[in-house]
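Note on naming: letters A, B, ... go to the chains in the order of the sequence lines (proteins, then strands), and numbering restarts at 1 for each one.
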Amino acid sequence: MTALTITPGASRTLKNHVGLAQTVRNSFSMAGRGLIKMRRTPEQLIDVTVQPIIFTLMFTYIFGGAIAGSVADYLPLLIPGILVQTVVTTSVVTGVQLREDMDKGVFDRFKSLPIARIAPLAGALLADTVRYAIATTLTFAMGFVLGYRPEGGLGAVVLAGLLVIVCSWAISWIFAFFGVIARSAASVQGISFLVLFPLTFLSNAFVPVDTLPAFLQWFVNVNPVSHLVTAVRDLANTATFGGDAWISLLGAAVIVAVFAPLTVRAYMKKA
Amino acid sequence: MTHSSDWAVEAHGLVKVFGDNRAVDGVDLSVRTGTVYGVLGPNGAGKTTTIRMLATLLKPDGGDATVFGHDIRREPQIVRQLIGVTGQYASVDETLSATENLMLFSRLNGLSRADARRKSTELLEEFGLSEAATRPLKKFSGGMRRRLDLAASLISQPPLIFLDEPTTGLDPRTRSQMWDTIRRLVATGSTVLLTTQYLDEADQLADRIAVIDRGIVVAEGTAGELKASVGTSSLLLRLADAGSLERARHAILDVLGVESVLTPEAGRITAPMSDPDSVTDLLIRLRADGIAIEELSVQQPTLDEVFLALTGHPADDDAAPAPGDAAAGASGAAPTPELETAR
């Protein structure tokens, strides 16, 4: 053994509290683990690579003529919508993968280490922002290929992308919560899509709101996903960071404030 | 009250209930600092559950315990700074390489990037894993995985190390390597609390042993004291002619002075012996009585015999799924084969 003596347990100075700096450091270490895993298992990136391409292509040509008269006119409406839909859907995978991950023996070690309890969860969610970034980039790139030229300019498009990534990260706490409390990965997927489909489709992502019946219009207008879609449209098409963007950020903050503590508590209960 | 530096672990009346199964039903343990303490018992006796409670992985439903004087419930984060846990299932990340695993755990233990790298290299060297350092863990053998697991537990040089069945499933050579590693650990001043199903392992390593069965400690003492309760060795005898069984048992009673037990299968006789040498006298007597033998051996008492003597039932008489392990799986902690294949 290289370590010749071990400091006796009774003579160590220890604290029973994890500070914010350590929490952040632990979370980033765990995010590093997530990135290595992503590199090892590139097949898990299929949903963020193939889905944006196929969905953008399909929706553009299926709905373009019917909804906006032409493909070119539909793109400024659709690309922000499909971007939000794709990236938010991707955040479900975060919950599913977290569930699978937690069943592995290595989580026992995480629990036995003197690290912030939130770190294994926060790290996983943080690493997944890379997935959202991939999906965002591909969706915009696909739009560009199809002829979409955002009038807001590159800076505004990047900002719009960041807004979507931040909001999806916040939303992923909801699915992380399902991931922690659910019995199996399959059930996480089940519950999550049940929540997700109404949220993403009953929004202004694909169709103009005024074509909907009145009772639906009410829901679509309060739906946070609609606000996010509008915010992205404003940014990408007119380079304005308006009220919808602030509402989206506020919504994201509320989701994190509610679901992060809930998730950590559920996680610790299982610990 | 004893000074906290004397005792690495003090547990009183620990209880853990899973549904209507009392997996741990009032366990008391006192582990002196700097010793190896063995918890011996069959599958499902509550060994793993006990360790998981002491390692803050499970909340006890009753009783209390301290690690170096720190309460496991009130000061879990302090306890975690004092312990290393090597579980029954290797708690290392399968998708990462050996180096990446050690780097991650070093960083989580608060080491700087440079220190983490140095520590990882050092530990890989020490555990003979340098060559496999960058290989994916999926290609590791069971023994290599255990070694990496143990290496990961030693990063913070914890004064107390929990080893949950450290050699279960290892081949004899790897097992004796693991034993050497554990002995070296103790030489550096660590306290080790290990669980095992094997009496010889506890005998080889542990200063004191607690025998645990159905969630309670049924005996506690040194290996010598435990074995004395079943004789220092045990005689096994099979006769060529089953008709002379009774006469043979009579001869054993005469020569060794003990009552022998007839095992139902294959008509074997077993008997505890205090002095293995006296088997010579028995052989002479059997020859004189004209009793032909087919097989005879004198061996160390097995866990089964210790159990039989201590609890009055064999170690494996309940074929039900091991409560401790099953419960650990249900709580999402232990990787079960089903989950592996479901992916």
Heavy atom to heavy atom, less than 4.5 Å: which residues from residues 144-152 of chain B reach chain A? B:Asp149, B:Ala152

Can you name the residues that form a side-chain contact (heavy atoms from CB on, under 4.5 Å) with B:Ser153, not counting sequence neighbours? A:Arg109, B:Thr86

Which residues from residues 123-135 of chain A are near chain B, with near meaning under 4.5 Å between non-hydrogen atoms? none

How long is the straight-line distance from CG of A:Asp108 back to CG of B:Asp164, given to the nearest 0.5 Å? 9.5 Å

Among B:Gly84, B:Pro136, B:Ala55, B:Pro76, which residue forms the greatest number of heavy-atom pairs with chain A at distances under 4.5 Å? B:Pro76

Take atom CZ in A:Phe28; do more than 12 heavy atoms of anything else shown fall under 6.0 Å from it? no

Is the number of heavy atoms from other residues, nucleotides or ligands under 6.0 Å of A:Arg265 CZ greater than 12? no

Hey, could you give me the CE/OG distance between B:Met103 and A:Ser29, rounded to the nearest 0.5 Å? 9.5 Å

Choice from B:Asp93, B:Val85, B:Val92 maximising heavy atom contacts with chain A below 4.5 Å: B:Asp93

Look at atom CZ of B:Arg183 and say whether more than 12 heavy atoms of other residues, nucleotides or ligands are closer to it than 6.0 Å. yes

Nearest-0.5 Å distance, OG of residue B:Ser91 to CZ of residue A:Phe110: 9.5 Å

Part of B:Leu104 within contact of chain A (heavy atom distance under 4.5 Å): side chain

Indicate yes or no for a side-chain donor-acceptor contact from B:Glu94 to the backbone of A:Val106 under 3.5 Å, with no hydrogens or angles considered. no

Roughly how far apart are A:Leu113 CG and B:Leu108 CG, rounded to 0.5 Å? 6.0 Å

Measuring heavy-atom distances to chain A, does B:Glu100 have an atom under 4.5 Å in its side chain, in its backbone, in both, or in neither? side chain

Nearest heavy-atom neighbours spanning A:Ser112 and B:Leu57: N-CD2, 3.8 Å

Is there any residue in residues 31-41 of chain A with a non-hydrogen atom under 4.5 Å from a non-hydrogen atom of chain B, and which ones are they? A:Arg33, A:Ile36, A:Lys37, A:Arg39, A:Arg40

Shortest non-hydrogen contact from A:Lys111 toward B:Arg80: O-NE, 3.2 Å

